[in-house]
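Residues take their numbers from the sequence shown, with the count starting at 1.
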Amino acid sequence: FLTRSLGAGCIALACSASPLAALAQSVVNYTAIEQKLKQALYAEALVLANQELVRQPNDPKILFWKALAQEKTGLEKEALAGYKALTQDHPELPEPHNNLGILLMRAGDLEGAQLSFQEALRMNAQYPEALENLGDVLLVKTRRLYQQAEKTSGTKMRLQEKIRALPDFPLPASAQP
């Protein structure tokens, strides 16, 4: 998954300078936000993203980083809303679909997660994280189907062998059946 303090003087310069200076300031802000995310300083990245969104409220990269920082700081409802908005406003971007799928999977919405990962793969068929995440969802769903069949079938031994053959995939408590 994509994981990526400006002084008052820098902000004032960008507001009062030429478009070229404002563009240079945006590059500085992108770099600063990316650095904070890479350093796992998510709260600081969130502050910087919010500051940059005042200047560029529709920038998909900044909106994605904001949702990522929200997710990493435990603001999952806000992150979920951010990823959903990005998938609607910029459906061509695979990363928001992938990260939305992760949050849906954590919440126990395996169908929604599967659809999100599939949509990410529709945008980029070779997106490794989405491929892995889709595999995880399908693994969990397969285990659940085998367990359901085991309860209603006379072929318990064969199903138990299949269930044991599947690797364990831990889900958060909220995603347990």
From [atom1] ([X]) to [atom2] ([Y]), nearest 0.5 Å:
{"X": "Y83", "Y": "E76", "atom1": "OH", "atom2": "CD", "result": "9.5 Å"}
{"X": "I62", "Y": "Q51", "atom1": "CD1", "atom2": "CD", "result": "11.0 Å"}
{"X": "K61", "Y": "E52", "atom1": "NZ", "atom2": "CD", "result": "11.5 Å"}
{"X": "N98", "Y": "M123", "atom1": "CG", "atom2": "CE", "result": "13.0 Å"}
{"X": "L134", "Y": "L139", "atom1": "CG", "atom2": "CG", "result": "11.0 Å"}
{"X": "K66", "Y": "L86", "atom1": "NZ", "atom2": "CG", "result": "10.5 Å"}

Any side-chain heavy-atom pair of [X] and [Y] under 4.5 Å:
{"X": "N50", "Y": "V47", "answer": "no"}
{"X": "E119", "Y": "R122", "answer": "yes"}
{"X": "E132", "Y": "D136", "answer": "yes"}
{"X": "L93", "Y": "P60", "answer": "yes"}

Note to self: Set out, in order, the CA-CA distance, both residues' side-chain angles and the distance that settles side chain to side chain contact (heavy atoms under 4.5 Å, CB included) for W65 and E34, then state yes or no.
What the structure shows: CA-CA 8 Å; W65 286 338; E34 231 176 347; 3.6 Å; yes
Indicate the atoms forming the closest heavy-atom contact of [X] with [Y], along with that distance.
{"X": "L104", "Y": "S116", "answer": "CD1-OG, 3.7 Å"}
{"X": "L63", "Y": "N58", "answer": "CD1-C, 4.0 Å"}
{"X": "L53", "Y": "D59", "answer": "CD2-O, 4.4 Å"}
{"X": "G101", "Y": "A113", "answer": "O-CB, 3.3 Å"}
{"X": "N124", "Y": "P94", "answer": "CB-CG, 4.2 Å"}
{"X": "L131", "Y": "A125", "answer": "CD1-O, 3.9 Å"}

Common cluster, [X]/[Y], ILVMFWY with side-chain heavy-atom separation under 4.5 Å:
{"X": "L145", "Y": "V140", "answer": "no"}
{"X": "Y30", "Y": "L68", "answer": "yes"}
{"X": "I102", "Y": "L138", "answer": "yes"}

Item checked: Sequence neighbours excluded, every pair satisfying ring pair (Phe, Tyr, Trp, His ring centres under 6.0 Å) that has a member inside residues 88-122 ->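 Residue pairs passing ring pair (Phe, Tyr, Trp, His ring centres under 6.0 Å), neighbours aside: none found.
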Next item on the list: State whether the side chain of D109 and the backbone N or O of M105 hold a donor-acceptor pair below 3.5 Å, judged by distance alone.
Entry: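 Judged by distance alone, no pair lies under 3.5 Å.
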Notebook entry, point to check: Would you find more than 12 non-hydrogen atoms of other residues, nucleotides or ligands less than 6.0 Å from Q148 atom CD?
Noted result: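 No, not enclosed.
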Check: Where do Y42 and E71 land on the side chain to side chain contact (heavy atoms under 4.5 Å, CB included) test, with the steps shown first?
Finding: CA-CA 9 Å; Y42 302 117; E71 176 185 347; over 6 Å; no
Next item on the list: Walk me through it: do E95 and Y127 pass the test side chain to side chain donor-acceptor pair (under 3.5 Å)?
Entry: CA-CA 9 Å; E95 294 85 357; Y127 186 13; 4.9 Å; no
Checklist line | Trace of the side chain to side chain contact (heavy atoms under 4.5 Å, CB included) decision for K36 with I33 | finding: CA-CA 5 Å; K36 297 297 182 187; I33 296 167; 5.9 Å; no
Next item on the list: Using side-chain contact (heavy atoms from CB on, under 4.5 Å) as the criterion, list what pairs up with K141, not counting sequence neighbours.
Entry: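 K141 satisfies side-chain contact (heavy atoms from CB on, under 4.5 Å) with L110, E111, Q114, V137 once adjacent residues are dropped.
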Checklist line | Salt-bridge present (R143, E150; N to O < 4.0 Å) | finding: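 No, R143 and E150 are not salt-bridged.
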Next item on the list: Kindly give the cluster partners of L75, where membership spreads through any ILVMFWY side chain lying under 4.5 Å from a current member.
Entry: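 Reading the cluster by chain and number, L75 sits alongside L46.
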